[in-house]
2 protein chains.
Amino acid sequence: MPVRPQSVSRKDRRRESEKLILQAAEKVFAEAGFGGATMQLIADVAGLPKANLHYYFPTKEALYRQVVEGIFHNWLTAADVFDSAPGPVEGIGAYIDAKMEISRRHPDGSKVWASEVMHGAPVIQDYLETTLVDWTEGRMAVIQRWIDEGRMDPIDPRHLLYMLWATTQHYADFGHQIETLNAGTPLSDAQWEAAKASVKAIILKGIGARPSPRS
Amino acid sequence: MPVRPQSVSRKDRRRESEKLILQAAEKVFAEAGFGGATMQLIADVAGLPKANLHYYFPTKEALYRQVVEGIFHNWLTAADVFDSAPGPVEGIGAYIDAKMEISRRHPDGSKVWASEVMHGAPVIQDYLETTLVDWTEGRMAVIQRWIDEGRMDPIDPRHLLYMLWATTQHYADFGHQIETLNAGTPLSDAQWEAAKASVKAIILKGIGARPSPRS
DNA sequence: CCACACTCTGACCAACCGGTCAAGATTTTT
DNA sequence: AAAAATCTTGACCGGTTGGTCAGAGTGTGG
């Protein structure tokens, strides 16, 4: 049996290099913002010469765009739990759990996204106007259905979604402030669970979510 | 009666120039971030030659620091409503109103603050560790008292505060996203009122706030 | 009216930035 | 093993940035 060259084909190496660069870029963009980030610093974090970055990504903006698009993709897919849920307790509860987990595991991505939107979404405005609008309208319809079925109070679905985004992403975007207020130490596992529980408790009770009738 | 030289003394002029520059700086820092902002652009917005900025503020960082300190000051004073309130319905309700109004009237300041914290609070870390910690502990004590008095559910005051900050500031920091989801138009007066009402309704019900017994 | 201190500004500079490129190294194909 | 295609990199470049500075302008106190 001939030993396969452990799958280090050109394409694989290319993908790995791109991934390495994208990870470094996400970190640097999160820490310094687009304007404050430098290709040199990204290169240093990735452990590659700067010229190599420009071989894989022609410009700083192209690299940034790809980072943001990846984050946007995660952002959307992490919300599939919404549709399959029988009611608001399960659906919104699971959505909060999922988004809190993203804030915990990928705070850099959340920060880059926040920064992009705060600066007027210069590179992903088209996504906002198409994909995000569609996604939002779909979830609003789901929430409206729950309201019509009497499973929760008649809350404006739009503002409920904003509140879900705001509260969950806050733990990533303002993680530094939260850490400072936590005696300068990162939240422990128990504290993260407490945060999740608090958010879920307040919101689910706040919208008058009633558990599904079927046990 | 001698006509006073309409108060254009040196000190007044100095104050006016500084204010003009600070306002322009806040806008530019909000739109481009610290790294993306340029002294030249701030000067253009302020309608002054760049060298003049350096006369009043020695460095870009000094200017930025003063902008952030001003925002932090507003941030804190806008929350005095908290203490004088008899219970959570009035106190938290008024706090939400006040912070939503800030998000509406001064979104640039909110964005600069968010950006500063997201990047690790490089210039106001000392304020976070002292003033903000003190402020937060004070309000947590108030909330805890309300809980002990049976005026609301036993929610962790810390996470309640985070939720208040997150939801209200979201309308400023993510204003562009909200506007895009609102058919590309800014929120109308009625929509702002609806947003305030939704946030207050969900949170006040979510924490089980009970109106004050005294009418 | 004059001397003085404060304010303003065009011109300038060293440092740094994103991006280029030619030439060498490496891998795949023939 | 030679040719072709792909990848890697140090050196380099024009443009921009934050910041400086000498000197002109301007209000103020004596």
Side-chain angles (χ1 to χ4, degrees), chain A residues 2-22 24-29 31-68 112 115 119 122-123, chain B residues 2-22 24-29 31-68 112 115 119 122-123:
Chain A
V3 179
R4 294 278 228 71
Q6 50 194 25
S7 79
V8 278
S9 70
R10 284 268 244 261
K11 275 194 178 171
D12 286 343
R13 285 182 61 81
R14 186 175 191 96
R15 248 189 291 271
E16 275 178 33
S17 289
E18 285 176 352
K19 193 176 170 187
L20 188 71
I21 295 170
L22 285 169
E26 180 173 302
K27 187 177 176 185
V28 173
F29 282 134
E31 287 174 358
F34 177 80
T38 68
M39 294 297 275
Q40 186 61 62
L41 185 54
I42 295 171
D44 291 346
V45 171
L48 296 169
K50 188 184 64 152
N52 205 344
L53 265 64
H54 281 100
Y55 174 73
Y56 287 102
F57 301 93
T59 66
K60 184 184 179 185
E61 280 177 15
L63 173 56
Y64 175 74
R65 171 178 272 270
Q66 200 139 329
V67 169
V68 173
V112 174
S115 190
H119 297 356
V123 321
Chain B
V3 180
R4 295 279 226 71
Q6 49 193 28
S7 78
V8 278
S9 70
R10 286 269 243 261
K11 273 193 179 173
D12 286 343
R13 284 185 59 83
R14 185 176 192 94
R15 246 189 293 272
E16 275 177 34
S17 289
E18 285 175 353
K19 193 175 170 187
L20 188 70
I21 295 169
L22 285 169
E26 180 174 303
K27 186 177 177 186
V28 173
F29 282 135
E31 287 174 358
F34 177 80
T38 68
M39 294 298 274
Q40 185 62 61
L41 184 54
I42 295 172
D44 291 346
V45 171
L48 296 169
K50 189 183 63 151
N52 205 346
L53 265 64
H54 281 100
Y55 175 73
Y56 286 103
F57 302 93
T59 66
K60 183 184 180 184
E61 281 177 15
L63 174 55
Y64 176 74
R65 170 178 272 270
Q66 201 139 326
V67 169
V68 173
V112 174
S115 190
H119 297 357
V123 320

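None of the values given here were measured: they were computed from a predicted structure. Chain identifiers are assigned alphabetically (A, B, ...) following the order of the sequence lines, protein sequences preceding nucleic acid strands; residue numbering begins at 1 within each chain. Any value given below was found using the heavy atoms of this structure, including those in side chains, with hydrogens, waters and symmetry copies removed.
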Tabulate atom names and distances for all N/O pairs under 3.5 angstrom spanning the protein and nucleotides 8-12 of chain C.
unit_1	atom_1	unit_2	atom_2	d
C:dC8	OP2	B:Tyr56	OH	2.2
C:dT9	OP2	B:Asn52	ND2	3.2

- Message: Are the side chains of A:Ile42 and A:Leu63 in contact, using a 4.5 Å heavy-atom criterion?
- Response: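 The answer is yes; the side chains approach within 4.5 Å.
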- Task: Answer whether the closest heavy-atom distance between the side chains of B:Leu22 and B:Gln66 falls below 4.5 Å.
- Result: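 Touching, per the 4.5 Å side-chain cut-off.
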- Message: Tell me every residue that passes ring-ring contact (aromatic ring centres under 6.0 Å, His included) with A:Phe57, counting only those two or more places apart in sequence or in another chain.
- Response: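 By the ring-ring contact (aromatic ring centres under 6.0 Å, His included) rule, A:Phe57 matches no residue at all.
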- Query: At under 4.0 Å between heavy atoms, what does B:Ala62 touch on the DNA or RNA strands: base, sugar-phosphate, or nothing?
  - Reply: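 Nothing, no heavy atom under 4.0 Å.
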- Message: Need one value for A:Ala43: base, sugar-phosphate or nothing, where a base atom within 4.0 Å counts as base even if backbone is also close, heavy atoms only.
- Response: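 Touches nothing.
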Would you kindly give the [atom1]-to-[atom2] distance between [X] and [N], to the nearest whole Å?
X       : N      : atom1 : atom2 : answer
A:Glu61 : C:dG19 : CD    : P     : 7 Å
A:Tyr64 : C:dC17 : OH    : C1'   : 18 Å
A:Phe34 : C:dC17 : CZ    : P     : 14 Å
B:Met39 : D:dG18 : CE    : C1'   : 7 Å
A:Phe57 : D:dC7  : CZ    : C1'   : 15 Å
B:Gln40 : D:dG15 : CD    : P     : 17 Å
A:Ile42 : C:dG19 : CD1   : C1'   : 14 Å
B:Asp44 : D:dT16 : CG    : P     : 14 Å

- Relative to each other, are the rings of B:Phe29 and B:Phe34 parallel, tilted or perpendicular (30° and 60° limits)?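 Taking B:Phe34 first and then B:Phe29, their aromatic rings lie parallel (interplane angle under 30°).
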- Query: Going from NE2 on B:His54 to CE on B:Met39, what distance comes out if it is rounded to the nearest 0.5 angstrom?
  - Reply: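 Nearest 0.5 Å value for the NE2-CE distance: 3.5 Å.
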- Query: Quick one: is B:Arg14 getting a side-chain N or O under 4.0 Å of the C:dC6 phosphate, OP1 or OP2?
  - Reply: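 No, because none of the side-chain N or O atoms of B:Arg14 sits under 4.0 Å from OP1 or OP2 of C:dC6.
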- Message: Would you say that more than 12 heavy atoms from the other residues, nucleotides or ligands in this model lie under 6.0 Å from the NZ of B:Lys60, or not?
- Response: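 Correct, the count exceeds 12.
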- Query: Looking at residues at least two apart in the chain, or sitting in another chain, which of them share a salt bridge (charged side-chain N to carboxylate O under 4.0 Å, His left out) with B:Glu18?
  - Reply: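 Scan of B:Glu18 (salt bridge (charged side-chain N to carboxylate O under 4.0 Å, His left out), adjacent residues dropped) gives B:Arg14.
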